[in-house]
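Here the structure comes first, spelled out in structure tokens, and everything after it is commentary.
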Protein chains: 2
Amino acid sequence: MAGTDQLSAVFSALADPTRRAIIAELAERDATVTELTAPLSISMPAVSRHLKVLERAALISRSRSGKWRASRLEAAPLREAADWIERYRRFWDSSLTRLDAHLAAVQAAGRASDRMVDDPRELE
Amino acid sequence: MAGTDQLSAVFSALADPTRRAIIAELAERDATVTELTAPLSISMPAVSRHLKVLERAALISRSRSGKWRASRLEAAPLREAADWIERYRRFWDSSLTRLDAHLAAVQAAGRASDRMVDDPRELE
DNA sequence: AATACGCTTAACATGTTGGTTAAATGAGGG
DNA sequence: CCCTCATTTAACCAACATGTTAAGCGTATT
């Protein structure tokens with residue numbers, strides 16, 4: 001997964017289209033493994049493991065109810081991911097020219113905390 | 001990388017803290033491989049390959065200028081990533097209760113286009 | 001009690017990732 | 001020309017990801 005930090009786990013989980021499809025499904029309703037497997041073209045064990053990945057990334061929670069295990073979307077970790085990406089909005093937002101971006105970058109450079117967050121040397 | 005689609009490539013690229021650090025660096029200024037390697041605790045070939053990953057995800061562009069190759073942040077693909085995540089904002093936005101989220105989800109279920117985008121069956 | 005169902009775990013195959021060191025490439029400078 | 005510097009490619013390795021099928025484990029169902 002590359003990093004073992006939260007953000008890496010989330011981005012890594014999102015990097016698979018099957019898992020994104022599962023998230024999209026769970027955004028509409030909680031679902032069992034069988035229900036999630038139905039529209040996918042892979043085996044149930046494969047889905048089960050995708051769910052484990054999503055669970056490790058804290059993107060879903062699971063509940064037991066008799067024979068069934070329902071998965072529920074827990075999108076909180078998406079916020080961190082969104083926040084991280086948002087920092088670079090100025091780079092794609094067309095209302096900003098590259099000069100604007102440069103000036104914004106220079107300002108950002110002043111904030112020391114900005115860099116630390118993703119410096120791998122800071123991890124573990 | 002799981003999927004070979006654009007979105008998967010971008011999320012996959014972001015899943016590594018070293019690559020996020022490189023992006024953060026390039027957000028401040030264009031940089032050569034040597035410059036990017038300096039603050040990292042890995043070898044230059046390793047950085048070179050991280051750059052190749054970022055390039056394949058279209059997150060950077062590179063220019064030759066004599067002996068040096070400068071990398072430049074091309075954040076456009078981040079927009080897609082941000083847009084994808086944004087769809088689930090209602091699930092983490094605290095101003096919305098779970099009931100609200102459910103109602104929003106029911107509405108979303110009506111829009112067929114919502115599901116197709118990430119259905120793996122649609123890929124390739 | 002026996003069977004069926006839902007799901008997970010095990011064992012396996014295969015491809016990818018991310019790091020290393022050593023060699024190759026390519027442009028400039030003496 | 002040769003040498004050096006910046007970067008990439010090659011060869012290798014350990015670890016992980018993703019899929020499969022078969023077996024295991026609980027919990028209904030009959």
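Naming: A, B, ... by sequence-line order, numbering from 1 per chain.
- Put simply, CD1 on A:I22 is 11 Å from P on D:dT18, counting in whole angstrom units.
- When rounded to the nearest whole Å, the span between CD of B:E35 and P of D:dA6 equals 10 Å.
- Listed pair B:R19 / C:dG18 meets the phosphate criterion, a side-chain N or O lying under 4.0 Å from OP1 or OP2.
- Taking only side-chain nitrogens and oxygens, B:S43 comes nearer than 4.0 Å to OP1 or OP2 of C:dT20.
- For the pair A:L36 CG and C:dG6 P, the interatomic distance rounds to 14 Å; values are reported in whole Å.
- Distances shown here put a side-chain N or O of B:H50 below 4.0 Å from the OP1 or OP2 atom of C:dG19.
- Heavy-atom nearest nucleotides on DNA chain D were determined for A:R64 and for A:A46, and the one closer to the 5' end corresponds to A:A46.
- Looking only at distances, no side-chain donor or acceptor of A:S65 sits under 3.5 Å from a matching main-chain atom of A:W68.
- Side-chain atoms of A:R20 come within 3.5 Å of backbone atoms of A:L14 as a donor-acceptor pair (strictly under, hydrogens ignored).
- With distances taken from any side-chain atom of B:T18 to the nucleotides C:dG6, D:dT9, C:dG19, the minimum falls on C:dG19.
- Nucleic acid contact for B:R49: base, since at least one base atom lies under 4.0 Å from a heavy atom of the residue.
- Here the P atom of nucleotide C:dT21 and the CD1 atom of B:I42 are 12 Å apart, to the nearest Å.
- One N or O on the side chain of B:S8 and one on the backbone of A:A15 form a donor-acceptor pair closer than 3.5 Å.
- For A:K67 and D:dT29, the shortest distance from a side-chain N or O to OP1 or OP2 is not below 4.0 Å.
- Residue A:S48 places at least one side-chain N or O closer than 4.0 Å to OP1 or OP2 of C:dT8.
- Residue A:K52 places no side-chain N or O under 4.0 Å from the OP1 or OP2 atom of C:dC7.
- Taking only side-chain nitrogens and oxygens, A:R62 comes nearer than 4.0 Å to OP1 or OP2 of C:dT8.
- Residue A:R69 contributes atom CZ, which lies 14 Å from atom P of D:dA28 at whole-angstrom precision.
- The interatomic distance linking A:L54 (CG) with D:dA17 (C1') rounds to 14 Å, in whole Å.
- Between A:E55 atom CD and C:dC7 atom P the separation is 14 Å, expressed in whole Å.
- When atom types are taken as modelled, the side chain of A:R19 and the backbone of A:A13 share a donor-acceptor pair closer than 3.5 angstrom.
- Of the listed nucleotides (D:dT9, D:dT21, C:dC7), D:dT21 has the atom at the smallest distance from the side chain of A:P45.
- Taking only side-chain nitrogens and oxygens, A:T32 comes nearer than 4.0 Å to OP1 or OP2 of C:dC7.
- Here C:dC7 presents its P atom at 10 Å from CG of A:L51, a figure rounded to the nearest Å.
- Between B:K52 and B:E55 no salt bridge is recorded (no basic side-chain N to carboxylate O distance below 4.0 Å).
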